[in-house]
Amino acid sequence: MATKVTVTGAAGQIGYALLFRIASGQLLGPDTKVELRLLEIEPALKAAEGTALELVDCAFPLLSKIDISSDPNEAFDGAQVALLVGARPRTKGMERADLLEANGAIFKPQGEAINDHADRDIRVLVVGNPANTNALIAMSNARDVPAERFTAMTRLDENRAVAQVANKLAVGVDEVQDLVVWGNHSPTMYPDLFNAKVGGKRAWDVVDDEAWVAGEFIPRVGKRGAEIIEARGASSAASAANAAIDHVRDWMLGADGLRSMAVPTTGAYGVEPGIVGSLPVRLPGGGVYEIAEGLDVPPFSQERIDKTMGELREERDAVVKLGLVS
Ligand SMILES: NC(=O)C1=CN([C@@H]2O[C@H](COP(=O)(O)OP(=O)(O)OC[C@H]3O[C@@H](n4cnc5c(N)ncnc54)[C@H](O)[C@@H]3O)[C@@H](O)[C@H]2O)C=CC1
Ligand SMILES: O=C([O-])CC(=O)C(=O)O
């Protein structure tokens with residue numbers, strides 16, 4: 001039996017970088033057949049059909065079927081894995097509340113469709129921005145689906161942080177481990193070198209340069225999305241798709257060490273329940289994550305974790321006010 005994978009925003013840039021990798025087996029492994037469900041808005045259906053033609057032309061042995069729809073009820077029917085990529089970007093003159101409202105109009109009905117039509121065992125990754133709060137909206141509107149099935153992506157931030165540390169120390173990226181990003185996928189995010197390791201030693205000690213960490217590393221990781229937009233004239237696409245593959249593959253198939261995932265908060269690390277914040281997780285496989293407790297949180301970290309989680313509380317309050325989350 002093929003696993004049903006729904007991808008929203010399938011005709012977008014990330015969709016184009018993502019679908020071929022899913023269909024080739026990089027998401028769920030070399031033994032799992034995949035049935036793709038592409039969800040797009042009406043005007044983009046033709047472009048999604050074009051991508052589907054190309055997927056057919058790859059003759060991927062693991063790709064058993066492709067369906068395209070502009071109806072969330074159809075696209076999420078029986079979905080076992082869902083990657084929610086399509087979102088409403090911020091346009092000129094749009095305030096944050098307008099952005100949250102516009103995305104609410106997308107993620108509320110999608111949450112409802114997941115609730116009513118998806119497989120009982122579904123796993124959801126939200127990529128579309130503002131990813132954490134969009135995940136909260138979808139989760140809150142899927143009352144019968146356990147909250148922990150909804151996650152948002154901070155793996156791109158983790159991967160960016162790993163690459164920056166490896167570059168600073170002139171070591172391979174595989175030497176850098178357990179580098180967790182806390183909080184919101186926004187410039188307030190906090191990439192944590194106290195629990196990260198380089199060659200088995202605490203990354204903070206190996207780097208041994210607080211001015212670089214506070215003044216260059218943390219802001220650069222936080223604003224890397226903007227740096228890419230400035231250079232490329234478009235937001236990150238292949239690296240975002242790559243991180244989405246990393247996130248779901250590790251969640252489903254398991255991974256060693258600590259990883260970053262934005263998950264519904266439970267009170268761990270003093271973060272109040274009711275937001276979707278990035279935390280350190282362990283991934284034993286099978287679509288399970290465990291929040292890694294007992295990590296070192298010195299004042300340098302606490303101050304930054306409080307700020308980024310506080311920003312998520314503000315976003316949550318805004319969407320509660322809009323009636324998108326109860
Ligand atoms: N969490 C993260 O680390 C990252 C998140 N992003 C976000 O991912 C999202 C997608 O990025 P791109 O693919 O570059 O954007 P894009 O604009 O190229 O594609 C988005 C697609 O979503 C579709 N769409 C819009 N509303 C939809 C709906 N209701 N149902 C289904 N499809 C819908 C659009 O028609 C479009 O084809 C953006 O919100 C972007 O900010 C991008 C990079 C990293
Ligand atoms: O900044 C953006 O719009 C895209 C994004 O989320 C990222 O690259 O991290």
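For the single chain, residues carry numbers from 1 onward in sequence order. Remember, it's 1-based here, ligands and their atoms both numbered in the order they're listed. Worth saying up front: this structure is predicted, and the values here are computed from it rather than measured.
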Non-hydrogen atom of Pro89 closer than 4.0 Å to ligand 1 =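 Checking ligand 1 against Pro89, which is what was asked, there is no heavy-atom contact under 4.0 Å.
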Considering heavy atoms of the protein only, find what lies nearest to atom 1 (O) of ligand 2 and give residue, atom and distance to 0.1 Å.
->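 In this structure, atom 1 (O) of ligand 2 has Gly225 CA, 3.8 Å as its nearest protein heavy atom.
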Shortest protein contact, atom 6 (O) of ligand 2 (heavy atom only) |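 Here the closest protein heavy atom is His185 NE2, 2.6 Å.
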Assess whether a salt bridge exists between [X] and [Y], defined as any Lys/Arg side-chain N lying under 4.0 Å from an Asp/Glu carboxylate O.
X: Lys108; Y: Glu112; answer: yes
X: Asp157; Y: Arg224; answer: no
X: Arg259; Y: Asp246; answer: no
X: Arg304; Y: Asp306; answer: no
X: Arg313; Y: Glu311; answer: no

Relative to the heavy atoms of Val85, which atoms of ligand 1 are at a distance of less than 4.0 Å?
->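 Going through ligand 1 atom by atom, the ones under 4.0 Å from Val85 are 8 (O), 9 (C), 10 (C).
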Over 12 foreign heavy atoms within 6.0 Å of CG, Asp256 |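 At most 12 heavy atoms, drawn from other residues, nucleotides or ligands, come within 6.0 Å of this atom.
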What part of [X], side chain, backbone, both or neither, has a heavy atom within less than 4.0 angstrom of ligand 2?
X: Ile228; answer: neither
X: Arg160; answer: side chain
X: Ile229; answer: side chain
X: Arg224; answer: neither

Near Ser236, which atoms of ligand 2 are under 4.0 Å from a heavy atom of that residue?
->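 Matching atoms, with element in brackets: 8 (O).
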Contact (N/O only, under 3.5 Å) between Ala240 and ligand 1 |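 No, Ala240 has no N/O under 3.5 Å of an N/O on ligand 1.
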Purely on distance, is any nitrogen or oxygen of Asp157 under 3.5 Å from one on ligand 1?
->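 No: no nitrogen or oxygen of Asp157 is under 3.5 Å from one in ligand 1.
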Heavy-atom protein contact below 4.0 Å for atom 1 (N) of ligand 1 |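 Yes, at least one protein heavy atom sits under 4.0 Å from atom 1 (N) of ligand 1.
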Check whether any side-chain heavy atom of Val281 sits under 4.5 Å from a side-chain heavy atom of Glu290, and report yes or no.
->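 No, side chains not in contact.
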Polar side-chain atom of Glu158 near backbone of Ser260 as donor-acceptor pair, under 3.5 Å |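 Indeed, once roles are kept as given, a pair shorter than 3.5 Å links the two residues.
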